[in-house]
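The structure appears right after this line, and notes come after that.
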Amino acid sequence: MKRDFDKIYDRHNTNCFKWDLNKEIYNKKDVISMWVADMDLPTDPLIEQSIIERAQHPLYGYTFRDADYFQAFIDWQNSHNNWIIKKDWLLNSTSVVTSLNLIIRTFSQPEDKILIITPVYSQFFVAINDTGRQIVSSSMIEKESEFVMDFSDIESKLAQGIKLLIFCSPHNPVGRVWRKDELLKLTQLCLKYSTIIVSDEIHSDLIYSESVHIPIASLSPEVSENTITCISPGKTFNVSGLSISFIIAENEELREKIRDTFLAYHLMAANIFGITAAQTAYSMGNPWLQEVKQYLQVNRDFIIDYINLNIPLIKLYKPQGTYLAWLDLKNLKLNQDELQLFLVHVAGLGLDNGTKYGEEGEGFMRLNFACTRQLLEKALCQLKNAVNKLIEVDFKFEKLNIDNQKIDDCD
Ligand SMILES: Cc1ncc(COP(=O)(O)O)c(C=O)c1O
């Protein structure tokens, strides 16, 4: 059975972050919500079916992950990413963010320095701050229509003595899929300065046709020994609510330390439906994944064309992976608070605030385009109308009456 991704699923009243928290987040109920990174598109029917079948057996006691579960993941990494991993290298976790937090606690002490390459996923900041470690950030630079790492800056930061690099590959929010030469440079520097790499590869299955994801640990045995990779089926199959994820560490010493931390918090336990979903996903989910990726790629290309043609004041580099568009709105000449108010109350859009991703995010907003094309078209049309209003000579931001602002919607 194929999914019809144009079909609209009303997610209201499902307690989903994306649609049921608009009032709390934007102080407005009826914005088009395009922030948190999950999809408005339905998961693979095979996953849905496997969960229903499992639910029909009404005993939901303690459950372990069997050999077939791990094999499905191992085979997936082999066939999708050419990455040969062994079962012994795998650890279980509930979520990637849980893993990142516990890995930081395991391999560093308060006040230790942890490097991130910014702008980057907001929870990297939260995890480092909440554990009392110091954030050291290296800003990406813009070069030839993409964001790239600044290796001389990274080297100067690593030379300060950095315990861990928390790396995002592919990169949220800028949508980069890192090329081999970039990964090689980065890993050589980490090896040179003895910095452990923690690679968050949660978006690694959502790559568009021009790019190829290379798991950083697959670069060489040396790099694999120095890397801890965190992955989950959450983004790929839109099952983040099922709380299941993997950690891959070839290095036995690193792995055993992580295992000890997880055991100490009793975090190896599993949710039955998460296990069922992950196993089905990795053993049978490829056809669905190819379909959803095609849909997302058309959405991505649609945004790029639409913005270039209709809202040229907004700048956007083509995401190579992820379903996230990193919109540069600096030409609108609004400060970040004004930008947020403008988008919510004039455009009727709930986007993710760029400054959550670091100071480089000033003037940016992240738009999640994993929604029906119809909704995406409506959202972009509202954005166009709002920007047109903003550049009218008599528009005064100070006079914006947010309670009575009429959205020029595009139904
Ligand atoms: C880079 C990255 N890592 C991790 C997560 C969240 O992962 P999890 O739900 O498994 O904690 C997200 C969600 O947006 C993400 O973008």
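For ligands, and for the atoms within them, numbers begin at 1 and follow the listed sequence. Numbering starts at 1 and runs along the sequence shown.
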* By side-chain hydrogen bond (donor to acceptor under 3.5 Å, both in side chains) - contacts of H345 (at least two apart) ->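 Per chain and number, H345 pairs via side-chain hydrogen bond (donor to acceptor under 3.5 Å, both in side chains) with no residue.
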* To do: Could you tell me which residues satisfy salt bridge (charged side-chain N to carboxylate O under 4.0 Å, His left out) with K163, sequence neighbours excluded, listed by chain and number?
  =>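 Here the qualifying residues are D112.
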* Regarding K389 and N385, is there a side-chain donor-to-acceptor distance under 3.5 Å anywhere? ->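 There is no such pair (donor and acceptor under 3.5 Å, judged by atom type) between the side chains of K389 and N385.
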* **Y26 and Q340 side chains, donor-acceptor separation under 3.5 Å** =>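 The criterion, which ignores hydrogens and geometry beyond distance, is not satisfied for Y26 and Q340.
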* Can you tell me which residues line ligand 1 if we count any heavy atom under 4.0 angstrom from one of its atoms, in chain and number order? =>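 Those residues closer than 4.0 Å to ligand 1 by some heavy atom are A37, S95, V96, V97, Y121, C168, N172, D200, I202, H203, K235.
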* Asked: Does any pair with a residue in residues 296-362 pass disulfide bond (SG atoms under 2.5 Å apart), and if so which ones, sequence neighbours excluded?
  ->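 Passing the test, one end in residues 296-362: no pairs.
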* To do: Would you verify whether the NZ or CZ of K7 falls within 45 degrees of the ring axis of Y9 while also being under 6.0 Å from that six-membered ring's centre?
  =>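 Yes.
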